[in-house]
A.B. asks: 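Take this structure first; my questions come after.
We name chains A, B, ... by the order of the sequence lines, and we start the count at 1 in each one. Just so it is clear, the values below take in all heavy atoms, side chains as well, and ignore hydrogens, waters and symmetry mates.
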Amino acid sequence: MKRRLLCVCILIFSFLFSLHAQETHEIVIKPKKYVATIAIPPFSCKPGSEEIKSTALPDVIYRDLELSGFFLRPQNDKFVTDTNRSDLTAGKIDFPEWNRLGCSFLLKGEYALNPSSITADCYLYDVKTGARIFGKNFGDYPKNAWRRLAHRISDEIVRYVTHNQGIACSQIIYISKLGKGKDLYIMDSDGAEQRALTNDQNLAAAPCWGIGGTEVYYTSYKEHNPDLWAMRLADNQTGVISSYPGFNLSPSWCEKTQRLVLTLSKDGNSEIYTMDNRGKNLKRLTYDRAIDSSPSWSPEGNQVVFTSDRSGSPQIYVMDSEGLNVKRLTFQGSYNDSPVWSPLGDRIAFASRKGGYFHIFLMDTNGANWIQLTEGSSNNEDPCWAPDGRHLAFTSNRTGSPQIYVINDDATILMQLTKNGKNQSPSWSPILY
Amino acid sequence: MLNAVKCRWLTQALLLALALSLCVGCKTWNKVFKKKDKAEPTASVYPSEGTLPPPPDVDSSKQTGSLSQLPLEGQTPTDLGTPLADPMRMEADQRISDLRTIYFEFDSYALSEDAKALLDGNYEWLKAHPGIHVLIEGHCDERGTVEYNLNLGQKRADAIREYLILKGLDPSTLHTISYGEERPENDGQDEAAWAQNRRVQFLVY
């Protein structure tokens with residue numbers, strides 16, 4: 001009996017640690033105190049609708065919800081499908097049976113697909129009480145944007161159950177080298193729909209989002225100087241916004257003050273400046289012979305966190321938006337860089353070299369309470385925050401080549417987003433509905 | 001028959017009008033993202049026509065008289081380096097064997113005595129060829145973060161440019177660019193390879 005119990009325990013743990021291999025991306029989930037299991041049986045097809053794979057929408061929603069850190073999918077898809085079938089036959093939901101399967105929540109959905117668009121009716125239930133949490137119609141989405149429909153449903157579930165903002169409806173821009181040169185790319189926050197935004201086959205670097213996710217800014221060498229370019233995402237139109245001699249690098253956008261902060265080397269030394277998103281109203285913040293780089297706004301736009309080697313090694317500093325009240329935040333480690341301020345304002349993520357490798361760390365905005373998120377013998381750099389302030393994307397070369405990963409702020413979730421070529425410098429969009 | 005011709009004519013006129021309006025749409029966007037004249041630095045920070053542009057080392061922050069123009073104590077903006085020359089905006093692809101590559105220590109942009117000796121040779125060549133524009137390219141090894149290395153590469157190039165200016169070369173002929181760790185000379189991952197990659201090389205336009 002005892003041995004049997006042990007076997008069951010091992011089985012459960014191996015399931016918990018098992019990789020849910022779906023499409024090309026795998027999520028590694030470590031067990032933690034509270035996550036709820038949600039069952040999402042195959043969606044039924046409305047009468048008269050065209051058909052898609054009944055698990056297409058549920059699979060995307062499952063992955064979004066697992067990545068959210070609040071939910072797990074049931075370990076046996078067949079039980080879910082069978083129970084759903086008997087529900088459909090009986091014409092009512094057998095909540096005790098769903099409860100017996102260990103599910104806390106149940107999402108039932110029905111989609112309608114016509115030649116141009118897709119919609120879905122979804123019902124979310126609390127399995128223990130049998131209460132309906134919501135019943136909603138989602139749509140219309142263009143037929144080829146069916147993933148966006150799934151992401152919208154995911155974020156609504158997260159919002160209703162946890163009162164948190166989900167991040168399924170967001171995108172990540174990054175720099176990719178697939179063939180010749182490095183170009184700007186974009187993908188959904190789950191790693192799907194990867195595509196190129198530029199095809200300069202030159203060198204692009206350090207992108208960021210601006211104006212509510214309608215524009216992006218990035219450095220491109222294509223006109224023989226590292227200039228700052230803008231791209232309007234509605235039509236992929238590009239234009240130069242800052243082309244001073246030397247680099248125009250590392251933009252960070254503040255939505256609140258509508259200002260960019262960036263590094264310019266035009267004066268013969270790298271200094272931090274702010275400007276508007278068309279390169280006007282330039283204002284210089286730093287005056288120091290050392291390297292001042294990688295600035296990032298606080299969400300209110302009243303402070304800037306940045307890297308400087310003025311002490312002799314790269315360390316992280318903070319100053320106000322006038323360049324005054326400069327304070328050093330990091331005193332441990334010989335190389336601390338790439339600071340990014342959380343959109344919630346409470347923490348700063350950065351890369352720190354430890355044991356010969358760079359790792360992603362979090363700290364409070366006064367430099368205290370370091371938390372190390374990544375481990376091992378590989379470099380982990382370029383952290384950027386998701387709009388929920390609980391997830392980060394970063395670059396790691398743990399598989400040999402630099403690729404983009406997502407991790408959450410207690411390191412219980414890790415997902416690799418890119419696989420082909422070399423990928424780096426992620427920047428996460430605001431929520432895009 | 002006449003109606004059909006008229007109808008076709010009308011359709012064409014409408015299409016033309018639509019095309020024109022689209023062009024106007026493009027124009028407004030282009031106006032917002034004014035494509036700079038290649039010979040000039042960012043046009044947008046300078047006042048528009050009628051007024052003279054400020055001297056190149058004055059940026060708009062200094063005119064507004066805001067707090068940020070005040071350098072931190074003990075420093076004045078002028079001792080922070082020489083403003084960079086306007087980029088040539090064309091490929092510099094000629095390597096001249098007399099212009100030697102200069103190497104650096106890890107995470108350093110200091111010029112060693114050896115580096116200075118080599119640079120003096122480069123200076124002699126450049127002095128003998130006045131009017132030639134050179135591109136001073138800063139590079140780093142792969143260790144360190146991508147953005148920081150772009151800064152470090154620029155620092156290396158700037159240090160060399162500054163040295164040559166102090167020796168008496170014309171600043172407007174000395175252009176710099178940093179590729180950080182993006183263009184290694186040697187793809188290896190050992191100290192020998194890294195030492196080769198921490199360099200500044202000279203190219204002639």
Side-chain angles (χ1 to χ4, degrees), chain A residues 182 203 205-206 219 221 223-226 230 232 235 237-247 249-250 263 265-271 273 275 278-289 291-294 307 309 313-314 322-324 326 335 337-338 351 358 381-382 395 424-425, chain B residues 26 29-30 32-36 38 41-42 44-45 56-57 59-62 64 66-72 75-77 79-92 107 109 135 143-148 150-152 154-155 157-158 161-162 175-180 182-183:
Chain A
K182 288 187 173 178
L203 178 57
T219 299
Y221 280 64
E223 291 196 349
H224 306 288
N225 190 64
R232 184 169 63 188
D235 55 8
Q237 276 265 14
T238 59
V240 175
I241 56 175
S242 179
S243 57
Y244 291 102
F247 58 68
L249 188 67
S250 307
T263 312
S265 64
K266 67 186 181 74
D267 297 315
N269 188 52
S270 57
E271 303 289 353
Y273 293 78
M275 59 171 62
R278 292 296 174 265
K280 297 200 176 90
N281 301 311
L282 191 70
K283 192 159 138 181
R284 181 168 168 177
L285 301 192
T286 57
Y287 291 86
D288 197 287
R289 296 184 71 88
I291 291 176
D292 295 312
S293 67
S294 301
T307 304
D309 75 338
S313 65
E322 299 289 336
L324 300 174
V326 181
Y335 201 133
D337 190 19
S338 313
F358 281 96
E381 300 176 21
D382 286 339
T395 309
Q424 62 186 146
S425 307
Chain B
C26 294
W29 173 251
N30 285 341
V32 174
F33 278 4
K34 195 164 38 174
K35 197 118 192 185
K36 76 241 163 307
K38 293 209 170 174
T42 313
S44 54
V45 294
D57 61 336
D59 60 48
S60 57
S61 69
K62 292 175 188 161
T64 60
S66 70
L67 279 175
S68 66
Q69 77 179 74
L70 298 174
L72 298 174
Q75 293 167 337
T76 59
D79 72 0
L80 293 177
T82 313
L84 301 184
D86 291 339
M88 291 291 275
R89 306 262 171 212
M90 57 193 266
E91 198 81 49
D107 194 22
Y109 40 89
L135 181 64
R143 293 171 296 169
T145 61
V146 172
E147 279 178 54
Y148 190 82
L150 285 170
N151 279 270
L152 187 58
Q154 184 70 40
K155 269 295 214 191
D158 289 349
R161 181 172 183 267
E162 196 79 2
H175 309 272
T176 57
I177 199 163
S178 169
Y179 285 105
E182 306 286 346
R183 304 210 168 152

A.B. asks: Report the C-alpha distance between Q154(B) and S293(A) in whole Å, list the side-chain angles of each, state the deciding distance to 0.1 Å, and finish with yes or no for side-chain contact (heavy atoms from CB on, under 4.5 Å).
C.D. replies: CA-CA 12 Å; Q154(B) 184 70 40; S293(A) 67; over 6 Å; no
A.B. asks: Looking at T263(A), D337(A), T307(A), which hits side-chain contact (heavy atoms from CB on, under 4.5 Å) with N151(B)?
C.D. replies: T263(A)
A.B. asks: What residue in L150(B), L152(B), D107(B) has the most heavy-atom pairs under 4.5 Å with chain A?
C.D. replies: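 The option with the most such pairs is L150(B).
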A.B. asks: Go through the atoms of L135(B) and report whether side chain, backbone, both or neither lie under 4.5 Å from a heavy atom of chain A.
C.D. replies: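 Neither part.
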A.B. asks: When rounded to the nearest 0.5 angstrom, what is the spacing between NE2 in H224(A) and CE in M90(B)?
C.D. replies: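 Nearest 0.5 Å value for the NE2-CE distance: 8.5 Å.
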A.B. asks: Need one label for E182(B): side chain, backbone, both or neither, based on atoms under 4.5 Å from any heavy atom in chain A.
C.D. replies: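 Interface part for E182(B): side chain.
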A.B. asks: Checking heavy atoms, do the side chain of A85(B), its backbone, both or neither come under 4.5 Å from chain A?
C.D. replies: backbone
A.B. asks: I'd like to check the ring-ring contact (aromatic ring centres under 6.0 Å, His included) partners of Y148(B); sequence neighbours left out, ordered by chain and number.
C.D. replies: Y335(A)
A.B. asks: Is chain A contacted by the side chain of Y109(B), its backbone, both, or neither, given a heavy-atom distance below 4.5 Å?
C.D. replies: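 Looking at Y109(B), just its side chain touches chain A.
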A.B. asks: Tell me, out of A92(B), S178(B), A157(B), who's got the most heavy-atom pairs with chain A below 4.5 Å.
C.D. replies: S178(B)
A.B. asks: I'd like to verify something: which residue of S250(A), A205(A), S425(A) has the highest number of heavy-atom pairs under 4.5 Å with chain B?
C.D. replies: S250(A)
A.B. asks: Looking at D309(A), D382(A), T395(A), which makes the most heavy-atom pairs under 4.5 Å with chain B?
C.D. replies: D309(A)
A.B. asks: Could you tell me which non-hydrogen atom of G246(A) sits nearest to which non-hydrogen atom of L84(B), and how far apart they are?
C.D. replies: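 Heavy-atom minimum between the residues: CA-CD1, 3.4 Å.
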A.B. asks: By a 4.5 Å heavy-atom criterion (distance strictly below it), what part of L249(A) contacts chain B: side chain, backbone, both, or neither?
C.D. replies: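 Side chain of L249(A) only, per the 4.5 Å heavy-atom cut-off to chain B.
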A.B. asks: So what's closer than 4.5 Å to chain A heavy atoms on I177(B): side chain, backbone, both or neither?
C.D. replies: side chain
A.B. asks: Less than 4.5 Å to any heavy atom of chain A: does that hold for the side chain of R161(B), its backbone, both, or neither?
C.D. replies: neither
A.B. asks: Between S294(A) and E147(B), what is the shortest heavy-atom contact and its length?
C.D. replies: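 The pair with the smallest heavy-atom distance is OG-OE1, 3.4 Å.
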